[in-house]
Amino acid sequence: MSSNYKPQLIEKTIQDKWDKEERFLAKIDDREKFYCLSMFPYPSGKLHMGHVRNYTIGDVISRYKRMNDFNVFQPMGWDAFGLPAENAAIENKVNPKDWTNANIDNMKKQLKSLGLSYDWSKELRTCDPKYYKWEQLIFKKFYDAGLVYRKKSIVNWDPVDETVLANEQVIDGKGWRSGAQIEIKEIDQWFIKITEYAEELLDSLDDLDWPENVKLMQKNWIGKSNGAEIKYKIDESDEYLTTFSTRPDTIFGVSFLAISPNHPLAIDLSKKDQNILEFLEKCKDIKAAEADIAKAEKLGIDTEIKVIHPLTGEKLPLWIGNFVLLDYGTGVVMGVPGHDSRDYEFATKYELNIKQVIKTKDDDLPITENGILINSDKYDGMTSEEASNGIIKELVKLDSGAHLIQFRLRDWGISRQRYWGCPIPVVYENGVPKVIEEKDMPIKLPELDKNSPPIPLSQNKEFIGIKDGVIRESDTFDTFMDSSWYHARFTSSNNEDQIFDENTDYWLPVDLYIGGIEHAILHLLYSRFFHKALRDIGLVEGDEPFKKLLTQGMVLKDGAKMSKSKGNTVDPQSYIEKYGADTVRLYMMFTSPPEQSLEWSESSVEGASRFLKKIWNLVNGRKYKKFNKKLEFNKEEMSVRRKSHATLKKVENDYEVRFAFNTAIAAIMELINFIPDEYRNEDASDAQKYCLDEAIMFTLKMLSPISPHICEHLWNDFYLDESSIDKWWPKFDENLLEVEEFELIIQVNGKVRGKINIDKNIEQKEIESSALNVENVKSHIGSSKIKKAIYIKEKLINFVI
RNA sequence: GGGGAUGUGGUGGAACUGGUAGACACGCUUGGCUUAGAACCAAGUGCCGCAAGGCGUGGGGGUUCGACUCCCUCCAUCCCUACCA
C-alpha cells in the first residue's frame, strides 16, 4: 500500500470516532484520578499560538496519563466577561453577548480541530447566569463571613468620556479613545479582605509542588516585613502621623516626613492653600499603575507644617510626595535620605538635610545595607539589629510606636464600572448597602438590543431604579473573580441545584494546572485565596486548589508578547488547515521546552510535517508480526533493540518528570534514524523484522500523546489487537539496557585528545595505559611528566601535565 | 522604581548530578533522481586556518585537573507591577 499521508482525511474521522465513543467523558471510578487543567481562554475570537502551545501541553500529559491507567479529567471553558467584548461592541456596533458567543463558537471549532481530549460535557462560560449565579452566592457568603467591605480608592478617570479607564487604556497619560488627559479620581468600591489570609497564603507556599520562581514571586508580592510603627506628633496640634518603617535603626537619620497626595491631610490642606491645590492637581495626571508612579519624576511640596521627632524632639518638615502610595502602609513615609535611595533622590532635589547614621565599609551615600550605628545618641556602635530592638523598646515606652509586622499585599478591589461583567448582587436602601438573598439570585445582567453598544450599568435607569429610595448596585465584579473558582465549578458544572457536589470532592484538587507565566501572581494568588476562603465557609475540601503547576513561557513575536492589542498575532488556523493538527502539535512541542519563552518563526513547521510523513511511509500497510519461536539477535540487532528500550525509558522520564517534550521528540527521531534501512526489506530476517516492529510499536505509543490522530490511525492497522492505542503503555526491559563497552574520553590538561572503546570491567591501571597508547594523546604529552591522572568512572580520564 | 526570568552556530534548541559543547531539527552547500521544478535520497555544514593547530556558550573577573553549569560584577532582552487577560 503506498497511499500518501493526508492528515485532512484522517483527523476528522478519528475525532468523530472519539466523540461517538465518548472517549474523554470523565466519571468517578476506582482508578487513581488525575485532574489536568489548562487555563481557560478569553474568547477573543481566534485561537492564538499561546493557546495552541498551552493546550497541547495539557493534552499530551492527559493522554500520557490516560495510557498509564489514570482516570483523567480534562475540561475546557470560557473566561467570557471582560473589557475586549465592550471595546469590540463599541467599534462594531454589536452587543457584547452576541460578539462573545460568536467568538466562543469559532474558537471551540478550532479547539476541536486540534484534537484535544477534553470532556466537553463539562464546558462552562463565566458570562452564563448559570455560572455567575453561584459567584454572586459566593460574594454573599464572603460578605456574611466579614470578608467584604467598602472603601474609597483611586481610578483612572476620563473626564471627556466620563468613564473609568483600565491601566492599559491610558496611553501616555491620555485616554485612548478621547485623547483627554486622564485624572485620578477617588470613588467608593467593594473590597475583599485577602489580607486576612496573607500569612496562610505565604506559609502554605512551602508545601506546593510549584516552580520555585513562581513561589518566590508570590512570596515577594505578599511581602511580609518586620518593622515598626512610629508616631510623629504634628507641631501645634494634638494630631499624630503614623509611619511604618522596616528600618527603625535609621530613625536618627530622619530629615523629613512625606504623605501621599491622596492622604486626607493633604486634601484638607489643599482647601486652604492654592499652591498645594495646584500641586495635588498636577499629581492627578499620573496614571494609577504602580510602574508609572514609581517611574514618574519625584515631585514634592513643603506643607510648612512641622512634625516632632519622637526621640530627638527635633522639628522636621512635612512634605507631600507623589511617590507615596496611600494604599501601602499608612500613606506616610519617614524620609531617611542617607539610607534609602528614593529618599536620597528626593532630598537632593529639594535640598533637604542628609544625615549618615549607619556605617559600613562603603562610604558612598545612600548606604542601604545594615551596618554599625553612628550619630545616633546612645545607640552609637550597635549593629542595625541591636539598635532596631532597642529603639522599638524605647518608642513603646514613650507611647510613640510599636513593633509591627506588615504585608505589602493589599486588599482586593473587586468593583468595576462596566457593563460586560457579573453584576454585584447588592441594593442600596437610602444609601445603605444590602446584599440580596440567595433566592433572588442571579441578578441578571440586563439584555441589550441587537447592535446596541454597551452602556455602563450606572447609566441604565431601568436596571438601577427599583423603587423610591432603593437602587441597585451598578458595579460589576473584576473578571479575576470569575476565574478564581472555575477550576472547582468544572467538577459540578451541570448541577443547577448545587454549587458543588460529590464530584467536586472526588476531583479536587487540580493535579496539574498549566498556564502562562504572566499569571504567576494575580490569578494564581486570587485562586489560592478563594479556595481557602471557600474551605472556611465549608464549600470545598483541602487547603490549595492546584497541587502542581506548570508555567509555560510566552509566545513572542518580534520580541514582544503576542497579543491582539499589539497586533502581532499569528493565526494557527492556516497551519492546521495546511499541515494538519498533528503537525502543528508536534511542531509546538518540538520547538522549545514549555517553560521557556518561544520566539515565533515560520521555518521549521515543514520539518515536523516531514517527520510525520516519514513515520507514515514506514508504518502504513505494515502489520506487526507475532513470532511463536524464540528469536536470536546478533550484535547489531541487539543495539537496535537497546535503542528502542532506552528511548522508551527516556521518553517516560521526559513526559513524566521533566515535561521536556522537545527532547522526547528528538529521542524518537533518533530511534527512527538508527534503524538500518535493510530491516524494511521484504527479505529481512525474522529477527530484523521483529526489531523494526518493536521500534514502530514503541514509536506509535510514544508519539501518540503528541500527534494522536496519525498514531491511532496507523495503530489500528498495524497492531492486531482489539484495544485502542490509548489503553496501555509499553514496558521497557531494563536487562536490554546493559552495555559491555563504553567510550572513554581521554583528556590532556582538560582538553579532549582521544576516544577509545573500552570494556566495562577493566581496571583503572589498564585503562590508563591503554589511554596513554593513543597516538594523539602521546604527542600531546610528549616528554612532559604526568602530575596526576583523574579518572571518572565509565566516562573520562584526564592527564594533568 | 521594585519583583521574576532569559542570553549557546545563519535559526529553534541539546548537554538531566561540575566531566566529549552544538544531540535533534530548520536553513544553506554539493551530488543523485527529473525535460524542468516540487517532493524524495546521499554527503557536508560552530568560527579562524592550506595544515598542524588555535578560538568558542552576552562582556569582564574568579574557584577547579576540568565551567554553558558554581561565585562576583557589568550589559542586553522579555514578563509581572494590583482595572488587559
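Side-chain atoms are counted along with the backbone in the values below, which use heavy atoms only and exclude waters and symmetry mates. Chain letters run A, B, ... following the sequence lines, proteins first, then strands; residues in each count from 1.
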Is the shortest heavy-atom distance from the side chain of A/Phe407 to the side chain of A/Ser225 under 4.5 Å? no
Choosing from [options], which nucleotide comes nearest the side chain of [X]?
| X | options | result |
| --- | --- | --- |
| A/Met669 | B/A25, B/C84, B/G53 | B/A25 |
| A/Ala294 | B/C83, B/A23, B/G1 | B/G1 |
| A/Asn673 | B/C24, B/A85, B/C65 | B/C24 |
| A/His780 | B/G53, B/G1, B/G12 | B/G53 |
| A/Arg753 | B/G54, B/G1, B/G4 | B/G54 |
| A/Asn662 | B/G13, B/C40, B/G19 | B/G13 |

Quick one: are the ring centres of A/Tyr132 and A/Phe81 less than 6.0 Å apart?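 Yes: the rings meet the under 6.0 Å criterion.
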Per the atom types in the model, does the base of [N] pair as donor or acceptor with the side chain of [X] at under 3.5 Å?
| X | N | value |
| --- | --- | --- |
| A/Gln747 | B/C65 | no |
| A/Glu290 | B/G1 | yes |
| A/Asn167 | B/C83 | no |
| A/Glu518 | B/C84 | no |

Check this one for me: any side-chain N or O of A/Arg342 less than 4.0 Å away from OP1 or OP2 of B/G1? no
At less than 4.0 Å, is any side-chain N or O atom of A/Arg410 found next to OP1 or OP2 of B/C83? Yes or no.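 For B/C83, neither OP1 nor OP2 has a side-chain N or O of A/Arg410 closer than 4.0 Å.
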For A/Val164 and for A/Asn798, locate the closest nucleotide of RNA chain B by heavy-atom distance; then report the residue assigned to the nucleotide nearer the 5' terminus.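 The residue mapped nearer the 5' terminus is A/Asn798.
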Nearest-nucleotide check on RNA chain B, A/Thr663 vs A/Gly413; residue mapping nearer the 5' end is A/Thr663
Syn/anti state for B/G9 [syn: chi within 90° of 0]: syn
For the student: nearest non-hydrogen atoms of A/Asn262 and A/Leu326, plus distance: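 Shortest heavy-atom separation between A/Asn262 and A/Leu326 comes out as O-CD2, 3.5 Å.
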Find the distance A/Leu524:CG to B/C80:C1' and express it as a whole number of Å. 12 Å
May I ask you to decide if A/Gly223's main-chain N or O and A/Asn220's side chain share a donor-acceptor pair within less than 3.5 Å?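 Not a single qualifying donor-acceptor pair exists.
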B/A14 and B/G62, which share atom name P, separated by this distance in whole Å: 30 Å
Determine the interatomic distance between C1' on B/G46 and the same-named atom on B/G27; round to the nearest Å.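 My reading of the C1' atoms in B/G46 and B/G27 gives 15 Å.
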Can A/Lys298 be said to sit on top of A/Phe346's aromatic six-ring, NZ or CZ under 6.0 Å from centre and within 45° of the ring axis?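 Geometry flag: not set, cation outside 6.0 Å or 45°.
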